[in-house]
Amino acid sequence: MANAATSPLGVYLDYLAKGELAYQFSTEANVAIFYPRVICPITGSDNLEWRTSKGIGTVHATTVVSPQKGEPYNIALIDMDEGFRLMSRVEDIPPLDVRIGMRVQFRVHPAEGDEPPYPVFTPTGAA
Amino acid sequence: MNGLTRGSAAIVGAAESDIGAVAANMSPLDLMAQGIHRALADCGLKLSDVDGLFCATTQARTSAMSLCEYLRLPSVYTDSTIVGGSSFEVHVAHAQAALEANLCSVAVIAYGSTQRTVGRRQASAREYNPYETPFRPFLPASAYALAASRHMHEFGTTREQLAEVAVAAREWALLNPVAWEKKPLSIDEVLSARPISYPFTVRDCCLITDGGGAIVMVSAERARDLAKPSVYVLGCGQAITHASISSMPDLTVTGAHQSGAAAYRMAQMRESDIDVLALYDAFTINTILFLEDLGFCPKGEGGRFVSGGRIGPKGSLPVNTNGGGLSYCHPGMYGLFLLIEAVRQLRGECGARQVAQAETALVHGNGGVLSAQATVILGTQATL
């Protein structure tokens, strides 16, 4: 069998570079899978379909890191409407104002130097 | 499924190495060896009796190999399973299995860490996780803080209730001569301490110390010949629900629910049969989650349960009598110290902090970010 031409992370990052938040869907288990994998952890099958999120989610948990140097910043777990959860941060509001249950909208934090792009969020309705 | 036999093996020796801040250039292997030397002396066995080595440290990638070299034990049975801080509770189950299968007859479980001396980053470098690292979570604290935020949201748990856990640990520590912390602590002092990762201040977080130690295990049959009272392994259980916090199935329910159920089943006991508890308190939320998941109070009630000093020296349920990872010692993987304290309580060696008539102890280890849960139930000869 020939080696795989792409990796789960590689495909995910390619989507992010295009401004899209991608996840996998197991059609056999009828469930969203995140982080992206080579096989479905529920069925064991390698039949995982790539889908892109509409980008709307809800804050599931939140914390504010207070570094010894620099400004406090937010870390949140976001439940996407498609049924998967990811770590991210909510931007554009003070970090302590991020609330569980808050509806948030995805945007891409672009690649910088060696650092690949990653998904961040803002409260829905914000500019 | 649990193939181990209740009471088939016993912990017969237990000792800390140097703890707190150790001498310059002391290595993790030095601390393991010091712990082994003291634990063997504790039970009257010799290094040449040892034919099973179980060990883990974040500072030696192949720790069993390094320890075999250090001790010149070329043909012993080895197991360096590492699942974070609960590795040593897992080792107890693995050692019991090895003893039952006659793969070894004298098993030593050892740990050593110099994280305070060399710095946490060098002692335990974080793996890059492309789905978490870009957000710079302050790990492990931020992961536990996320779980705490959810517990506060769902059940109304307060920062004051989290602080109760730290205050109880401190009160126990003041009764332990080798505890790192020596001064009293109030709830207000916990709340107003330096913020780390909301809702945690530095007083909601474990210490950063050096330290190590060892325990010695033999079959119940062999244990009868040794001088000090033996402590029998009555029940074991483990569960690994995730590795990174974004993959934890439910932030308010840990794998202690499964590991505890397995340990109770093997021990043929329930929570009301337990006299003293040693719960892995890396952060204040841990103790609350584990009290719930191990059945000592209903889910969501943990914050209210610990209020009013219930788990402190004057309370009704003795938890973390050595002062815990919060106030006694925490070299990064704390699980071995839970076992050492439980052994001492069941032998009646704890002086001012001794729990009266302690016959059973529940030890609960935690590894990663609420990831790897392992429960061990121990008992005196009378519980067999």
Side-chain angles (χ1 to χ4, degrees), chain A residues 7-13 16 21-23 33-37 41 58-80 84-91 94-102 108-112 114-121, chain B residues 119-121 127-157 159 162 192-205 208 240-253 283 285 289 369-370:
Chain A
S7 66
L9 177 60
V11 173
Y12 171 75
L13 291 175
L16 269 181
L21 177 60
Y23 65 101
I33 301 294
F34 195 87
Y35 51 89
R37 289 156 161 92
T58 305
V59 176
H60 181 76
T62 180
T63 184
V64 177
V65 178
S66 297
Q68 284 187 311
K69 289 176 195 161
E71 291 299 306
Y73 56 91
N74 175 254
I75 307 271
L77 298 181
I78 311 294
D79 283 346
M80 301 306 296
F84 66 97
R85 179 177 300 164
L86 74 166
M87 180 177 283
S88 184
R89 67 169 172 257
V90 180
E91 300 184 331
L96 271 173
D97 290 353
V98 178
R99 294 273 181 265
I100 291 174
M102 188 176 264
V108 173
H109 182 96
E112 286 173 306
D114 288 343
E115 190 177 54
Y118 58 83
V120 295
F121 287 82
Chain B
R120 214 168 62 90
R121 198 159 294 169
E127 288 168 31
Y128 182 81
N129 176 339
Y131 304 99
E132 292 198 350
T133 308
F135 306 103
R136 294 178 293 138
F138 183 64
L139 291 175
S142 292
Y144 289 84
L146 286 165
S149 81
R150 196 66 209 173
H151 205 276
M152 293 165 83
H153 176 78
E154 284 189 31
F155 306 118
T157 307
R159 289 187 60 208
L162 293 170
S192 61
R194 179 166 64 86
I196 297 289
S197 193
Y198 187 87
F200 296 154
T201 71
V202 68
R203 296 291 159 229
D204 288 286
C205 304
I208 297 175
I240 301 178
T241 48
H242 60 283
S244 48
I245 198 65
S246 46
S247 291
M248 185 167 178
D250 181 338
L251 288 180
T252 64
V253 181
F283 299 91
I285 189 68
L289 287 169
V369 289
L370 295 168

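As the structure is a computational prediction, the values presented were derived from the model and not from experiment.
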I would like to know whether L86(A) and S246(B) meet side-chain contact (heavy atoms from CB on, under 4.5 Å); could you show each step before the answer? CA-CA 6 Å; L86(A) 74 166; S246(B) 46; 5.9 Å; no

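In this structure, the portion of Y12(A) lying under 4.5 Å from any heavy atom of chain B is its side chain and not its backbone. Only the side chain of L96(A) comes within less than 4.5 Å of a heavy atom of chain B; its backbone N, CA, C and O stay farther away. For a residue to count as touching a neighbouring chain, one of its non-hydrogen atoms must lie under 4.5 Å from one of that chain's; by this rule H60(A) touches chain B with backbone and side chain alike. Interface remark: L146(B) contributes backbone and side-chain atoms alike to the contact with chain A (heavy atom separation under 4.5 Å).
For the pair Y35(A) and P130(B), the minimum side-chain heavy-atom distance is 4.5 Å or more. Looking only at side-chain heavy atoms (C-beta outward), L9(A) and Y131(B) come within less than 4.5 Å of each other.
Side chain to side chain, S142(B) and T63(A) fail the donor-acceptor criterion of an N or O pair below 3.5 Å.
Contact tally against chain B (heavy-atom pairs below 4.5 Å) for Q68(A), M87(A), R99(A), E115(A): the top residue is M87(A). In terms of heavy-atom pairs under 4.5 Å with chain B, the best-connected choice from S66(A), P67(A), P116(A) is S66(A). Looking only at heavy-atom pairs under 4.5 Å with chain A, the residue among A145(B), P134(B), P199(B), A147(B) that has the most is P134(B).
Across all non-hydrogen atoms, the minimal contact from S88(A) to F135(B) is CA-CE2, 3.5 Å.
Interface residues of residues 71-78 of chain A toward chain B, defined by a heavy-atom distance below 4.5 Å and sorted by number: Y73(A), I75(A), A76(A), L77(A).
For the atom pair CZ of R89(A) and CZ of R136(B), the computed distance is 6.5 Å after rounding to the nearest 0.5 Å.
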